[in-house]
Undergrad: 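The structure that follows is given in the form of structure tokens.
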Amino acid sequence: MLLARLAHVSQEVAATSARSRKIALLAELFRDAEADDVPIVIPYLAGRLPQGRLGVGWKVLSRPVAPAGEPSLAVREVDALLSELGKVSGTGSQAERARMVGELMGAATEDEQRYLLGLLTGEVRQGALDAVAVEGLAQATEAPPADVRRAVMLAGSLQTVAQALLADGPAALDRFRLTVGRPVLPMLAHSASSVAEAVDKLGACAVEEKLDGIRVQVHRDGDSVRIYTRTLDDITDRLPELTAAALELNGRRFILDGEVISFGADGRPRSFQETAGRVGSRVDVATAAETVPVSPVFFDALSVDDRDLLDLPFAERHAELARLVPEPMRVRRALVSGPQDVAEAERFLAVTLERGHEGVVVKGLDAAYSAGRRGASWLKVKPVHTLDLVVLAAEWGHGRRTGKLSNLHLGARTADGTFAMLGKTFKGMTDAMLTWQTERLQELATDTNGHVVTVRPELVVEIAYDGLQRSTRYPAGVTLRFARVVRYREDKRPEEADTVETLLAAHPEVKP
DNA sequence: TTCCGACAGTGGGGTCGCAAT
DNA sequence: ATTGCGACCCCACTATCGGAA
């Protein structure tokens, strides 16, 4: 397949907002693709390079190269060239890379150049990622979309399924079954604003602890154990404790879903930063395991003794889990029969927070495991904190926010009357707010050079956040976790904004 | 030789707008 | 009305690599 074809389709997909049209365009593309093109076409469509970042910066890319008149580049050819480019390192490598980029660009037409530039800088935004590609693929191969979707979840990769489908047709889908040793995309949760709302929606449910750690999928096949993350990375070697724990369970073949987290000597959960740091350590695992030991806490069973449990109701999956996993290695939970029992659910949330955990996940007892999706039957509930902060600066947005001041720099008052930056946010703004703040902030601007617009600290904004965490980046030594805008407080003056002092007092467990 | 800064890649995430149902 | 998806970008952490000390 020619790169020109891909560039053209990408442009068309970006130009329409209709999902059905995007799907039809991708279907047409897939019909013309050979199976061998798939490992390249799929990531390209999502705006990713299979090689990852290549260390080619703006300096090299902004150098103009005369475009070719006729399209001749094949996607496989481009991929091979970029792979070569990724391998170039050492002395003089920058110049050599620049030369190679120049050569590639010289062989590309104007449209292709634009597309390549987007790919290399990560600027391809066409409103079609995996989910849309799945639909397109189903349409192209005349396979039922639901079957394709399920195969992708079981394979953990659209690419694998696409290759099989294009090579062998819909019959190939049968090959994708839940198999121990082959990770499945995990089910994710939606948010609810209160336990009452969640229980109202779900009826009979389990209210489970939400632990602030790293999601893991644990596969055991006899004496062999493999551990995967949410994105299906194999992290077995980093977590020897989990392998040991899995081997202790009284089952020989299973797939379990859970969270890995580190508890301190006092039995309370360590901060997310500590757990994540430990799980991220791979060079000296033995030392890391000694300083920050981790434990698995399971909450679901996907397969036991080669029985696929995905379509069973949660209540039955949990019964299997309970047979296999002793109580201390399972998340704590409370069973709630429905809205009339909401007080019980609220009590459980209070106790869970008291234990130092993040919140709860409310799960419908009847629901199947929706691998790879944000199932409506899992609802997380976490307490939300709010603060009144002052806007110190804002950054120009990209994509659909081009021309709008988007990312806000947030400051809290300090003892001497100045403001200490606590972090940034771009979340929670409606289009109307974006328009309004772009205008208002430009009136307050003191420095409009570059992509950060500094403003007089006069505008007060109410910010919701999930918690405080330590920071080496910000002056107060702390930053907000998951900050988002609630509303502007034009009724408040900056002198009335919250202070660093009160913020720290509200989170005594966080030491700056 | 060792140190340091820049960067890539991992983990965690909420809310809005639009299309489709 | 509700749901699903993509876009908008944040934070911290670890690892690696090239150039400075």
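In this text, all values refer to a predicted model and were calculated from it rather than measured experimentally. First the proteins, then the strands, lettered A, B, ... as listed; each starts at 1.
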Undergrad: What integer distance in Å separates A:F426:CZ from B:dG14:C1'?
TA: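 Rounded to whole Å, this separation is 8 Å.
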
Undergrad: At less than 4.0 Å, is any side-chain N or O atom of A:Q273 found next to OP1 or OP2 of C:dC13? Yes or no.
TA: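 For C:dC13, OP1 or OP2 has a side-chain N or O of A:Q273 closer than 4.0 Å.
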
Undergrad: Considering only side-chain heavy atoms of A:T229, which listed nucleotide, B:dG11, B:dG17, B:dA20, is closest?
TA: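 For the A:T229 side chain, the nearest candidate turns out to be B:dG11.
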
Undergrad: Output the single nucleotide from C:dC8, C:dA15, C:dA12 whose closest atom is nearest the side chain of A:S406.
TA: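 Nearest to the side chain of A:S406 among the choices is C:dC8.
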
Undergrad: When you check the phosphate oxygens OP1 and OP2 of B:dG13, does a side-chain N or O of A:K210 lie under 4.0 Å from one of them?
TA: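 The answer is yes; a side-chain N or O of A:K210 sits under 4.0 Å from OP1 or OP2.
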
Undergrad: Could you verify whether a donor N or O on one side chain and an acceptor N or O on the other, from A:R226 and A:T236, lie under 3.5 Å apart?
TA: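 Yes, A:T236 and A:R226 have a side-chain donor paired with an acceptor closer than 3.5 Å.
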
Undergrad: If you compare every side-chain N and O of A:H398 against the phosphate oxygens of C:dC8 (OP1, OP2), does one of them come in below 4.0 Å?
TA: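 A:H398 to C:dC8 OP1/OP2: no side-chain N or O under 4.0 Å.
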
Undergrad: Measure CH2/A:W378 against P/B:dG13 and give the value in whole Å, please.
TA: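 Taking CH2 of A:W378 and P of B:dG13, I get 12 Å after rounding.
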
Undergrad: Under 4.0 Å from OP1 or OP2 of C:dA7: is there any side-chain N or O of A:R401 that close?
TA: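 For A:R401, the contact criterion (side-chain N or O under 4.0 Å from OP1 or OP2 of C:dA7) is not met.
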
Undergrad: May I have the distance from A:I235 (atom CD1) to C:dT14 (atom P), rounded to whole angstrom?
TA: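 My rounded result for the distance is 15 Å.
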
Undergrad: Show the nearest heavy-atom pair for residues A:M433 and A:V486, with the distance to one decimal.
TA: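 In this case the closest contact between A:M433 and A:V486 is CE-O, 4.5 Å.
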
Undergrad: If you look at every strand shown and take non-hydrogen atoms under 4.0 Å, does A:T275 touch a base, only sugar-phosphate, or nothing?
TA: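 Since no nucleic acid heavy atom lies under 4.0 Å of A:T275, the category is nothing.
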
Undergrad: Which of the following nucleotides, C:dA15, B:dG13, C:dG6, is nearest to the side chain of A:V132?
TA: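 Closest nucleotide to the A:V132 side chain: C:dG6.
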
Undergrad: Any side-chain N or O of A:N407 under 4.0 Å from OP1/OP2 of C:dC10?
TA: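 Yes, because at least one side-chain N or O of A:N407 sits under 4.0 Å from OP1 or OP2 of C:dC10.
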
Undergrad: Which nucleotide wins on minimum distance to the side chain of A:I214, given the candidates B:dG14, C:dC8, B:dG11?
TA: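 Nearest nucleotide to the side chain: B:dG11.
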
Undergrad: For A:R282 and for A:Y474, find the nucleotide of DNA chain C with the closest heavy atom, then tell me which residue's nucleotide is more 5'.
TA: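 Closest to the 5' end, via its nearest nucleotide, is A:Y474.
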
Undergrad: Report yes if the distance between the aromatic ring centroids of A:Y474 and A:H409 is under 6.0 Å, otherwise no.
TA: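 For A:Y474 and A:H409, the ring centres are not under 6.0 Å apart.
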
Undergrad: Would you mind reading off the distance between A:R481 atom CZ and B:dT15 atom P, rounded to a whole angstrom?
TA: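 The distance from CZ of A:R481 to P of B:dT15 comes to 14 Å, rounded to the nearest Å.
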
Undergrad: Checking A:K382 side chain against A:D466 main chain: does a donor-acceptor pair fall under 3.5 Å?
TA: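 Not a single qualifying donor-acceptor pair exists.
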
Undergrad: Quick one: is C:dC5 close enough that its OP1 or OP2 comes under 4.0 Å of any side-chain N or O from A:R19?
TA: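 False: A:R19 side-chain N/O out of range (4.0 Å or more) of C:dC5 OP1/OP2.
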
Undergrad: For A:T472 and C:dA12, is the shortest distance between a side-chain N/O and OP1 or OP2 below 4.0 Å?
TA: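 A:T472 to C:dA12 OP1/OP2: no side-chain N or O under 4.0 Å.
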
Undergrad: If you measure from the P atom in B:dG11 to the same atom in C:dC8, how many Å do you get, rounded?
TA: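 After rounding to an integer number of Å, I get 22 Å for this pair.
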
Undergrad: Any side-chain N or O of A:R473 less than 4.0 Å from the OP1 or OP2 oxygen of C:dA12?
TA: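 A:R473 to C:dA12 OP1/OP2: side-chain N or O found under 4.0 Å.
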
Undergrad: Closer than 4.0 Å, any side-chain N/O of A:K380 to the OP1 or OP2 of B:dG14?
TA: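 Yes, because at least one side-chain N or O of A:K380 sits under 4.0 Å from OP1 or OP2 of B:dG14.
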
Undergrad: Output the single nucleotide from B:dT15, B:dC16, B:dT10 whose closest atom is nearest the side chain of A:R484.
TA: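 Nearest listed nucleotide: B:dT15.
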
Undergrad: So which one's nearest nucleotide on DNA chain B is more toward 5', A:F272 or A:A432?
TA: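 Its nucleotide being nearer the 5' end, the pick is A:F272.
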
Undergrad: Can you tell me which nucleotide in C:dC11, B:dC16, B:dG12 comes closest to the side chain of A:F482?
TA: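 Selected nucleotide: B:dG12.
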
Undergrad: Counting only heavy atoms from other residues, nucleotides and ligands, does the tally under 6.0 Å from NE2 of A:H385 exceed 12?
TA: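 For A:H385, atom NE2 is crowded (more than 12 foreign heavy atoms under 6.0 Å).
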
Undergrad: If we count only N and O atoms by modelled type, under 3.5 Å, do the side chains of A:D257 and A:Y369 hold a donor and an acceptor together?
TA: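 The answer is yes; a qualifying pair exists.
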
Undergrad: Could you give the CG-to-P distance, from A:L379 to C:dG4, as a whole number of Å?
TA: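 My rounded result for the distance is 11 Å.
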
Undergrad: For C:dC9 and B:dG12, measure between their C1' atoms and round to the nearest Å.
TA: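 Here C:dC9 and B:dG12 have their C1' atoms 14 Å from each other.
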
Undergrad: Counting N and O atoms only, with roles assigned by atom type, does the side chain of A:S406 sit under 3.5 Å from a partner on the main chain of A:W396, one being a donor and the other an acceptor?
TA: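 Judged by distance alone, no pair lies under 3.5 Å.
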
Undergrad: Hey, does A:S17 reach any base, or is it just sugar-phosphate, or nothing, if we go heavy atoms under 4.0 Å?
TA: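 The answer is sugar-phosphate, as A:S17 gets under 4.0 Å only of primed atoms, P, OP1 or OP2.
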
Undergrad: Rounded to whole angstroms, how far apart are CG on A:L188 and P on C:dT3?
TA: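 Whole-Å distance recorded here is 16 Å.
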
Undergrad: Using the side-chain heavy atoms of A:T231, tell me which of these nucleotides is nearest: B:dT10, C:dA12, B:dA19.
TA: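 Of B:dT10, C:dA12, B:dA19, B:dT10 is nearest to the side chain of A:T231.
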
Undergrad: Using the C1' atom as the point on both nucleotides, what is the distance between B:dC4 and C:dA15, in whole Å?
TA: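 C:dA15 and B:dC4 have their C1' atoms separated by 14 Å.
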
Undergrad: Please classify the nucleic acid contact of A:V283 as base, sugar-phosphate, or nothing, using heavy-atom distances under 4.0 Å.
TA: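 The answer is sugar-phosphate, as A:V283 gets under 4.0 Å only of primed atoms, P, OP1 or OP2.
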
Undergrad: In this structure, how many angstroms lie between the C1' atom of C:dC8 and the CG atom of A:L434, rounded?
TA: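 Taking CG of A:L434 and C1' of C:dC8, I get 9 Å after rounding.
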
Undergrad: Relative to the 5' end of DNA chain C, which residue comes earlier, A:K201 or A:G397, by the nucleotide with the nearest heavy atom?
TA: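 Comparing both residues, the 5'-ward one is A:K201.
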
Undergrad: In whole Å, I'd like the distance from the CG atom of A:L408 to the C1' atom of C:dC11.
TA: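 Result: 16 Å.
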
Undergrad: Both distances below 3.5 Å, Watson-Crick or wobble geometry, any strand: find the nucleotide opposite B:dC7.
TA: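 The base-pairing partner of B:dC7, which may sit in any strand shown, does not exist here.
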
Undergrad: Please figure out whether A:G213 or A:M429 has its closest DNA chain B nucleotide nearer the 5' end.
TA: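 It is A:G213, whose closest nucleotide lies nearer the 5' terminus.
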
Undergrad: From the options C:dC10, C:dC5, C:dA12, select the nucleotide whose nearest atom is closest to the side chain of A:A131.
TA: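 Nearest nucleotide to the side chain: C:dC5.
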
Undergrad: A:D233 side chain: which of B:dT10, B:dG12, C:dA12 is closest?
TA: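 Between B:dT10, B:dG12, C:dA12, the one nearest the side chain of A:D233 would be B:dT10.
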
Undergrad: Is any side-chain N or O of A:K382 closer than 4.0 Å to OP1 or OP2 of B:dG14?
TA: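 So the side-chain polar atoms of A:K382 do come within 4.0 Å of the phosphate oxygens OP1 or OP2 of B:dG14, strictly under.
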
Undergrad: With the side chain of A:K427 defined as its heavy atoms from C-beta on, choose the nearest nucleotide among B:dG13, C:dC9, B:dG17.
TA: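 Selected nucleotide: B:dG13.
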
Undergrad: Check this for me: does any side-chain nitrogen of one of A:E135 and A:R149 sit under 4.0 Å from a carboxylate oxygen of the other?
TA: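 Yes.
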
